[in-house]
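Owing to the predicted nature of the structure, the values given are computational and were not obtained by experimental measurement.
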Amino acid sequence: MSVSLQKGQKVSLSKDNAGLSKVIVGLGWDEAKPAKRGFFAPKPQPIDCDASAILLIDGKLRANDDVVYFNNLRHKTGTVQHMGDNLTGAGDGDDEQIIVDLASIPQQYDRIVVVVNIYQAVQRKQHFGMIENAFIRVVDARNNTELCKYNLSDDYSNMTAMIFGEIYRHDGEWKFNAMGQATTDPGLGELVNRYI
């Protein structure tokens with residue numbers, strides 16, 4: 001049974017799911033309906049949100065290749081894999097997915113932070129206030145059962161990036177923390193710098 005989470009709420013993934021070894025982190029969003037434009041106004045560019053996973057050791061990023069994103073789809077250990085970039089967020093369900101092999105992640109990695117940034121947000125004058133129905137969910141890859149879901153409902157106007165949530169190891173079990181922390185970081189590089 002899926003648990004609906006609130007901002008800042010933590011839930012155990014492995015405690016009630018014996019044998020849980022691999023999860024799918026699904027992220028989704030829709031563009032909000034734009035305000036009416038004049039007849040000759042240029043058509044706005046689609047909002048391109050990019051999901052990424054940052055693997056941390058003792059809460060810190062130790063190497064550039066510990067960031068899994070659209071230009072590095074598979075972690076060097078093979079335990080975290082990005083399933084590809086969705087350029088528009090169109091369609092139902094997950095817009096982007098990251099598969100995490102919890103059972104095989106080397107012990108030194110204690111945390112996987114899942115972030116989303118708007119590609120070229122500053123240049124395109126786009127922000128998360130122009131997005132609705134944003135969510136992150138964790139699914140058991142064995143049977144496609146949703147374990148938990150966090151719907152982001154705050155007003156994120158003028159925010160260009162989002163720390164959606166994190167999967168972390170605590171006392172031998174894997175947990176999920178629904179974070180929903182918006183930032184004005186203009187790109188993934190600036191987001192990543194928070195963990196150095």
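Counting heavy-atom neighbours within 6.0 Å of Phe164 CZ, excluding the residue itself, gives a total above 12. Asn64 CG: 12 or fewer foreign heavy atoms inside a 6.0 Å radius. Enclosure of atom NZ in Lys22 is not indicated, since only 12 or fewer non-hydrogen atoms of other residues, nucleotides or ligands lie within 6.0 angstrom. Crowding of Gln123 atom CD: a count of heavy atoms from other residues, nucleotides or ligands under 6.0 Å exceeding 12.
Leu147 is listed as a side-chain neighbour of Leu20, based on a closest heavy-atom distance under 4.5 Å. With contacts defined as side-chain heavy-atom distances shorter than 4.5 Å, the pair Ile131/Tyr156 does not qualify. Counting heavy atoms from C-beta outward, Leu152 and Trp29 have side chains that stay 4.5 Å or more apart. Looking at Val114 and Ile136, their side chains come closer than 4.5 Å, going by heavy atoms from C-beta outward. For the pair Ile118/Cys49, a side-chain contact is recorded, criterion being any heavy-atom separation below 4.5 Å from C-beta on. Under the 4.5 Å side-chain criterion, counting only non-hydrogen atoms from C-beta, Leu61 is not in contact with Arg194. Counting heavy atoms from C-beta on, the side chains of Met83 and Asp94 never come closer than 4.5 Å. Using a 4.5 Å heavy-atom cutoff, the side chains of Tyr195 and Val113 are in contact.
One finds the CG atom of Leu191 at 9.5 Å from the CD atom of Gln181 (value rounded to the nearest 0.5 Å). Separation of atoms CE (Met130) and CE (Met159) is listed at 15.0 Å; rounding is to 0.5 Å. In this structure, CD in Gln81 is found 11.0 Å from CG in Asn72, a value given to the nearest 0.5 Å. Once rounded to the nearest 0.5 Å, the distance linking CZ of Phe176 with CG of Leu13 reads 8.0 Å. To the nearest 0.5 Å, atoms CG (Asp16) and CD (Glu173) are separated by 9.0 Å. Taking CD1 of Ile24 as the reference point, atom CD of Gln97 lies at 5.5 Å (rounded to 0.5 Å).
Checked by atom type and distance alone, the side chain of Glu31 never pairs as donor or acceptor with a backbone atom of Pro46 at under 3.5 Å. Of the possible donor and acceptor atoms, one in the side chain of His82 sits under 3.5 Å from a partner among the backbone N and O of Ala51. Between the side chain of Gln45 and the backbone N or O of Gln126, no donor-acceptor pair lies under 3.5 Å. Here the side chain of Arg142 pairs a donor or acceptor atom with the backbone of Gly19 at under 3.5 angstrom. Under a 3.5 Å cut-off, the side chain of Asp30 and the backbone N or O of Asn133 do not form any donor-acceptor pair. Within the 3.5 Å criterion, the main-chain N or O of Asp101 finds no donor-acceptor partner in the side chain of Thr79.
Closest of all the heavy-atom pairs between Trp174 and Asp110 is CZ3-O, 4.5 Å. Smallest separation of non-hydrogen atoms from Pro106 and Thr77: CG-CG2, 3.7 Å. The two atoms that bring Ser52 and Ile98 nearest to each other are C-CD1, 4.0 Å, heavy atoms only.
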- Verdict with supporting geometry, Ile54 and Val115, side chain to side chain contact (heavy atoms under 4.5 Å, CB included): CA-CA 8 Å; Ile54 306 167; Val115 300; 4.1 Å; yes

- Message: What verdict does the side chain to side chain contact (heavy atoms under 4.5 Å, CB included) test give for Ile105 and Ile112, after you've listed the backbone C-alpha separation in whole Å, the side-chain angles of each residue and the deciding distance to 0.1 Å?
- Response: CA-CA 10 Å; Ile105 291 177; Ile112 301 156; 3.3 Å; yes

- Dump the intermediate steps for side chain to side chain contact (heavy atoms under 4.5 Å, CB included) on Val139 and Asn144, then the final yes or no. CA-CA 6 Å; Val139 175; Asn144 236 13; 3.6 Å; yes

- Task: Show the numbers, then the answer: is there a side chain to side chain contact (heavy atoms under 4.5 Å, CB included) between Val25 and Ile167?
- Result: CA-CA 9 Å; Val25 179; Ile167 294 173; 3.6 Å; yes

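Ion pairing between Lys60 and Asp58 fails under the 4.0 Å rule for side-chain N and carboxylate O. Taking 4.0 Å as the cut-off between side-chain N and carboxylate O, Arg124 and Asp48 do not count as a salt-bridged pair.
Checked against salt bridge (Lys or Arg N to Asp or Glu O under 4.0 Å), Asp154 has the following partners two or more places apart in sequence or in another chain: Lys7. In this structure Tyr168 satisfies the ring pair (Phe, Tyr, Trp, His ring centres under 6.0 Å) test with no other residue, sequence neighbours excluded.
Side-chain heavy atoms closer than 4.5 Å link hydrophobic residues (I, L, V, M, F, W, Y) into clusters, and following such links, even through other members, never connects Ile47 to Phe135. In the hydrophobic clustering of this structure, Met162 does not group with Tyr119; members are Ile, Leu, Val, Met, Phe, Trp, Tyr whose side-chain heavy atoms approach within less than 4.5 Å, directly or through other members.
Listed by first then second residue, pairs satisfying salt bridge (Lys or Arg N to Asp or Glu O under 4.0 Å) with a partner in residues 62-79 read Asp65-Lys76, Asp66-Lys76, not counting sequence neighbours.
Using modelled atom types, one finds no donor on one side chain facing an acceptor on the other under 3.5 Å when comparing Asn151 with Ser153.
Each of His170, Glu166, Gln9 was checked for a side-chain hydrogen bond (donor to acceptor under 3.5 Å, both in side chains) with Asn177, and the lone residue meeting it is Glu166.
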